[in-house]
Amino acid sequence: MRVSIDTEICQGQGRCFSIAPSIFDFDELGNGVVIGDGTLSDETLSLARLAQSNCPEHAIFIEE
Amino acid sequence: MTDKKPVKDFATDWDHTDPKWVNDPYPIWQDLRERCPVAHTDRYGGGWFPSTHEVVSAIANDTEHFSSRLVVVTNNKYPEGSPPAPIGGAPPITSDPPFHALARRLLLPAFAPGPINALEPQIRALCRRHLDELSGEQIIDAASQYAQFIPPGVIAHMLGFPSEDGEIFRDFVHVVLDLIDLSPEVRAPLFVPMGEYFDQQIADHVAHPRDDLTSYLLNVEVAGEKLSPEHVRGTMVLILIAGIDTTWSAIGASLWHLATHPEDLARLVNEPDLMPLAIEEFLRFYAPVTMARLVKDDMEFAGCPMKKDDWILLGFPAANRDPEAFEDADKFIIDRTINRHAAFGLGIHRCAGSNLARLELRVAVEEFISRYPVFELDSSKDVTWAQGQVRGPRHIPLRVPV
């Protein structure tokens with residue numbers, strides 16, 4: 001399972017790294033970035049899903 | 001303003017300065033969502049108001065058919081001296097692609113979470129100072145004696161303007177955002193003092209450069225060239241105007257909510273971990289900001305025959321109340337966990353100051369409820385809401401524990 005952010009869609013709304021700072025960080029422009037390669041465990045999957053369902057731009061994708 | 005005809009049907013004659021809309025727009029938007037969903041008006045030279053999340057989002061994301069050249073609806077679509085698209089008078093908010101990305105990139109690092117979060121101690125101290133000044137008073141106005149002081153103080157600091165000029169900034173905001181209904185001839189001269197003030201600040205920063213946003217904008221280079229004076233001034237106007245009324249409205253609306261919903265106030269006082277969810281719900285439910293667009297060319301869009309230079313009043317607050325997009329959309333749920341709200345807009349014009357706005361809102365509410373864990377509306381004075389594209393309470397009389 002892996003999470004990614006589509007950088008073409010992300011506008012830096014800032015929800016993902018506030019909700020799930022263990023999975024997401026921000027770059028110097030304030031856009032969201034995935035920490036590491038985005039691999040999710042059973043424990044982090046629900047947190048990633050929560051961030052995904054709060055992204056106003058629908059920029060977060062999860063491969064299961 | 002007083003000679004305007006009251007609106008009989010908002011579907012065919014909307015006016016966001018009509019008292020009904022100003023006092024309680026939510027039932028109007030709900031009615032429009034069920035009947036239209038894109039309302040029309042001949043006022044302001046003609047325009048459209050989409051009331052659903054779907055159409056608001058479609059327009060916000062469609063920079064091919066809609067321009068941001070002007071983002072505040074007035075009676076003048078062609079103001080003299082305003083730079084044309086794709087730059088506009090206050091880049092990047094008034095800019096279109098491809099220029100927009102360049103102007104925005106210059107600003108974003110200053111408003112990214114890193115530098116913004118570093119301001120927290122200062123914002124907290126500012127809030128405490130204003131609360132200290134109210135100590136001993138039993139009746140306070142949470143808008144005019146508290147909320148309205150927080151954003152100007154922060155913005156003055158960022159731009160390197162004198163901190164005591166807050167009242168001057170609020171006058172500028174009033175001209176730009178509230179007095180939209182005046183004729184162009186009456187309105188234009190009101191902008192003169194603002195222009196002079198910015199000229200003075202720019203001259204002072206040229207003579208005495210320092211570590212602030214104004215000096216940064218004056219010196220930053222793009223492709224080996226400094227920004228034009230119009231660009232620098234336009235961006236400073238944007239930061240000042242967009243950073244003050246908006247956040248002050250969000251703080252005020254949140255405190256008004258807590259004053260009128262004691263159960264939510266008690267929960268927030270007793271469960272401080274709820275704060276992040278509560279902040280997002282305040283932003284969704286009371287989203288203060290509505291932006292405008294202009295139709296680029298004649299076309300049919302969402303079933304509407306749009307004409308070149310028709311206004312679009314882009315109601316992000318209405319999108320936030322759309323039951324198609326939110327469960328129990330008209331219910332304030334302080335611990336709402338799924339909340340894809342559009343309070344900061346959608347697409348490339350996402351509010352550049354959103355990290356700052358969230359921080360100010362959170363700290364201002366935290367400090368207020370820590371000082372006053374209990375408070376309620378005082379009936380001696382009316383709560384009044386600002387008209388126009390930034391909605392928030394301008395007076396919130398409260399009875400607080402001494």
Side-chain angles (χ1 to χ4, degrees), chain A, chain B residues 53-54 56-57 60-61 63 92 97 100-117 275-277 279-281 283-284 287 316 319-320 322 325-327 335-359 361-362:
Chain A
M1 294 177 295
R2 181 174 289 201
V3 64
S4 62
I5 292 177
D6 187 324
T7 53
E8 295 285 307
I9 303 174
C10 173
Q11 300 293 346
Q13 295 266 1
R15 302 295 298 282
C16 59
F17 50 78
S18 309
I19 290 170
S22 58
I23 303 173
F24 304 97
D25 201 355
F26 50 84
D27 65 15
E28 55 136 11
L29 299 180
N31 290 326
V33 289
V34 171
I35 297 172
D37 68 358
T39 301
L40 299 172
S41 63
D42 289 343
E43 290 80 49
T44 54
L45 176 62
S46 59
L47 194 57
R49 280 207 186 117
L50 186 64
Q52 181 183 40
S53 55
N54 276 287
C55 175
E57 309 287 355
H58 298 261
I60 298 175
F61 295 84
I62 296 175
E63 263 176 66
E64 295 193 30
Chain B
H53 187 284
E54 187 187 356
V56 166
S57 173
N61 281 291
T63 54
H100 165 268
L102 189 151
R104 184 173 170 89
R105 217 196 135 80
L106 293 176
L107 269 193
L108 286 182
F111 290 92
I116 291 303
N117 291 343
M275 192 57 88
L277 293 178
I279 292 297
E280 299 307 324
E281 183 67 342
L283 286 167
R284 181 189 75 87
F316 295 110
N320 280 351
D322 185 348
F326 300 91
E327 214 172 297
D335 55 359
R336 186 183 286 271
T337 49
I338 309 285
N339 194 348
R340 226 174 217 146
H341 69 76
F344 293 112
L346 294 167
I348 65 166
H349 288 282
R350 185 269 304 169
C351 168
S354 61
N355 298 305
L356 175 59
R358 271 199 180 93
L359 176 65
L361 174 57
R362 176 172 61 78

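Quick note on labels: first sequence line is chain A, next is B, and so on, each numbered from 1. A quick note: this is a predicted structure, and the numbers were derived from the prediction, not measured.
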Take atom CD in B:Glu327; do more than 12 heavy atoms of anything else shown fall under 6.0 Å from it?
no
Please report the closest heavy-atom contact between A:Asp27 and B:Ala112, naming both atoms and the distance.
O-CB, 4.5 Å
Sort A:Leu29 into side chain, backbone, both or neither according to what part of it lies under 4.5 angstrom from a heavy atom of chain B.
both
CG/B:Leu277 to CD1/A:Ile19 distance, rounded to the nearest 0.5 angstrom?
8.0 Å
Judged by atom type as modelled, is there a donor-acceptor pair below 3.5 Å linking the side chain of A:Glu57 to the main-chain atoms of B:Gly347?
yes
Would you name the heavy atoms of B:Ser354 and A:Gly12 that are closest together and state the gap between them?
OG-O, 4.4 Å
Taking every heavy atom of A:Gly30 against every heavy atom of B:Pro113, the minimum-distance pair comes out as CA-CD, 3.7 Å
How long is the gap from SG on B:Cys351 to CD on A:Gln13, to the nearest 0.5 Å?
9.0 Å
Nearest 0.5 angstrom please: A:Arg15 CZ to B:Arg340 CZ, how far?
9.5 Å
So which residue, A:Pro56, A:Ser18, A:Cys10, ends up with the most heavy-atom pairs under 4.5 Å with chain B?
A:Pro56
Does any backbone or side-chain atom of B:Pro276 lie under 4.5 Å from a heavy atom of chain A? Answer side chain, backbone, both or neither.
neither
Gap between atom CD of A:Gln11 and atom CG of B:Leu108 - 0.5 Å precision:
9.5 Å
Polar side-chain atom of A:Asn54 near backbone of B:Thr337 as donor-acceptor pair, under 3.5 Å:
yes
Among the options B:Arg104, B:Arg358, B:His349, B:Glu280, pick out the one with the most heavy-atom pairs lying under 4.5 Å from chain A.
B:Glu280
Selection from B:Ile116, B:Asn355, B:Ile348 maximising heavy-atom pairs under 4.5 Å formed with chain A
B:Ile348
